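Input: a single structure, listed below in structure tokens.
Just so we're clear, the structure is a prediction, and the values are computed from it rather than from any experiment. Numbering starts at 1 and runs along the sequence shown.
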Amino acid sequence: MTELRTMQPVRHPNPMVKASSLAYLIFERPDLDRAEQFLTDFGLVPASRTDEVLYLRAASNAPYCYRVHRAARARFVGMGFTVGSGADLEKLARLPGASGIEAVTHPGGGERVVLTDPSGFMVEAIHGQTPVEELPCRSPLRFNSTGKSVRVNGTQRPAPEPPEVIRLGHCVIEVADYQATSAWYTQHLGLIPSDVQVLPDGSPAVTFFRLDLGDTPADHHSLAMAQGFMPLYSHSAYEVVDADAVGMGQRVLREKGWKHAWGIGRHILGSQIFDYWNDPWGAKHEHYCDGDLFTADRPTGVHPGSRAAMSQWGQPMPASFTRPKLTPSAIAALIRNVRRSPDLSLSKLLTLAKLFG
């Protein structure tokens, strides 16, 4: 029987606040023009831009879901979560290292508290953003199926253009300090572990965390966390209207000359139909549709971790999808974190490499 044998991940019995959405991601890039070109080919829409910051949005009423700051080198900075009230911000502002409550100057305004999780990622808790008007997008295509014909004397001809991104879905990070980082998100933002893939020793390899929205269905995961040897961005995912939008995204991005990472396929945990693409700096971005929705009362699932457990059908996950770039700084971080982190050992890293290619 597959069993989790560590303290984390587990839902917190009394979290400080309960985040209500994953609002946006924050990146740094040396070339805003190049970033904008990839992201618009991917299906995001420019919302605002200055000489130093680029904002892009999806079709939902969120003012933006993707923020890019100009910087000398490319890196993932962190993410923003919405919270339900100013009182929630006051609670978070009392955490060690937290900023005070600040007025937000980015699109949508509101107020925020800036936090840093135990792995060093920046987390902005935001409240009071002003929503914007939703963008028009096509309806899901209607399918004929055995015994049910909904389309007669009609054809399927979706436009050969970037798919309309409906919203930001989730972000996946790798961390060295797994137990502390997992506990931080469950305690301070109320995230719930939906499913955990565990290693043979019973420690977590990947956890999929959802928002606690009570009886309102929430995405299977808004944040996922993988055991790694240093803090890294793995990928982010963006919902599109249907599987044809996923497929059209692949066609457009391939014709534009961008680098494919993995897909098309259907995940097991989360069930999404997916397709992954690399941006100019190798950061993976996922189109997906048809993901699972869970209410807060669904218990956590525990599953053996393996490369085969990542998809039900489609292209097997390539080894390059999880293979780290072993730069001199990465090797130094590996050595340092194996010595320092209670969650890491050489044998665990070897097991991860064997299981996930």
Task: Pair Thr6, Ser203: side-chain N/O donor-acceptor within cut-off below 3.5 Å - done: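 The criterion, which ignores hydrogens and geometry beyond distance, is not satisfied for Ser203 and Thr6.
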TODO: Would you tell me whether His106 and Tyr55 have side-chain atoms, one donor and one acceptor, within less than 3.5 Å of each other?
DONE: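 Yes, a side-chain donor-acceptor pair sits under 3.5 Å.
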From [X] [atom1] over to [Y] [atom2], what is the distance, rounded to the nearest 0.5 angstrom?
{"X": "Leu223", "Y": "Ser236", "atom1": "CG", "atom2": "OG", "answer": "12.0 Å"}
{"X": "Ile26", "Y": "Arg75", "atom1": "CD1", "atom2": "CZ", "answer": "10.0 Å"}
{"X": "Phe209", "Y": "Asp219", "atom1": "CZ", "atom2": "CG", "answer": "15.5 Å"}
{"X": "Arg67", "Y": "Leu56", "atom1": "CZ", "atom2": "CG", "answer": "12.5 Å"}
{"X": "Glu124", "Y": "Arg112", "atom1": "CD", "atom2": "CZ", "answer": "4.5 Å"}
{"X": "Ser341", "Y": "Gln227", "atom1": "OG", "atom2": "CD", "answer": "6.5 Å"}

Quick one: are [X] and [Y] in side-chain contact, heavy atoms under 4.5 Å?
{"X": "Asn144", "Y": "Val150", "result": "yes"}
{"X": "Thr300", "Y": "Leu4", "result": "no"}
{"X": "Tyr24", "Y": "Gln129", "result": "yes"}
{"X": "Trp281", "Y": "Glu28", "result": "no"}
{"X": "Asp290", "Y": "Arg266", "result": "yes"}
{"X": "Tyr66", "Y": "Leu168", "result": "no"}
{"X": "Tyr238", "Y": "Leu39", "result": "no"}

Parallel, tilted or perpendicular: which one describes the rings of [X] and [Y], with boundaries at 30° and 60°?
{"X": "His170", "Y": "His235", "result": "perpendicular"}
{"X": "His287", "Y": "Phe42", "result": "parallel"}
{"X": "His188", "Y": "Trp184", "result": "perpendicular"}

Using 4.0 Å as the upper bound for N to carboxylate O, is an ion pair formed by [Y] and [X]?
{"X": "Asp279", "Y": "Arg34", "answer": "no"}
{"X": "Glu161", "Y": "Arg138", "answer": "no"}
{"X": "Arg49", "Y": "Asp33", "answer": "yes"}

With a sphere of 6.0 Å drawn around [atom1] of [X], does it hold more than 12 non-hydrogen atoms of other residues, nucleotides or ligands?
{"X": "Asp51", "atom1": "CG", "result": "no"}
{"X": "Arg340", "atom1": "CZ", "result": "yes"}
{"X": "Arg339", "atom1": "CZ", "result": "no"}
{"X": "Leu350", "atom1": "CG", "result": "yes"}
{"X": "Arg167", "atom1": "CZ", "result": "yes"}
{"X": "Asp215", "atom1": "CG", "result": "no"}

Open item on the list: Which residues pass the salt bridge (Lys or Arg N to Asp or Glu O under 4.0 Å) test with Lys18, not counting sequence neighbours?
Closed with: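 Partners of Lys18 under the salt bridge (Lys or Arg N to Asp or Glu O under 4.0 Å) test: Asp212.
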Aromatic contact between [X] and [Y], with the criterion being ring centroids under 6.0 Å apart: yes or no?
{"X": "Trp262", "Y": "Phe274", "result": "yes"}
{"X": "Phe76", "Y": "Phe121", "result": "yes"}
{"X": "His267", "Y": "Tyr288", "result": "no"}

Task: Residues that Phe294 engages under ring-ring contact (aromatic ring centres under 6.0 Å, His included), provided they are two or more places apart - done: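 Phe294: ring-ring contact (aromatic ring centres under 6.0 Å, His included) contacts with His220.
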- [ ] State whether the side chain of Asn278 and the backbone N or O of Ala261 hold a donor-acceptor pair below 3.5 Å, judged by distance alone.
- [x]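 Here the side-chain-to-backbone pair does not exist.
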Task: Derivation and outcome, side-chain contact (heavy atoms from CB on, under 4.5 Å), residues Asp275 and His260 - done: CA-CA 8 Å; Asp275 193 37; His260 191 233; 2.7 Å; yes
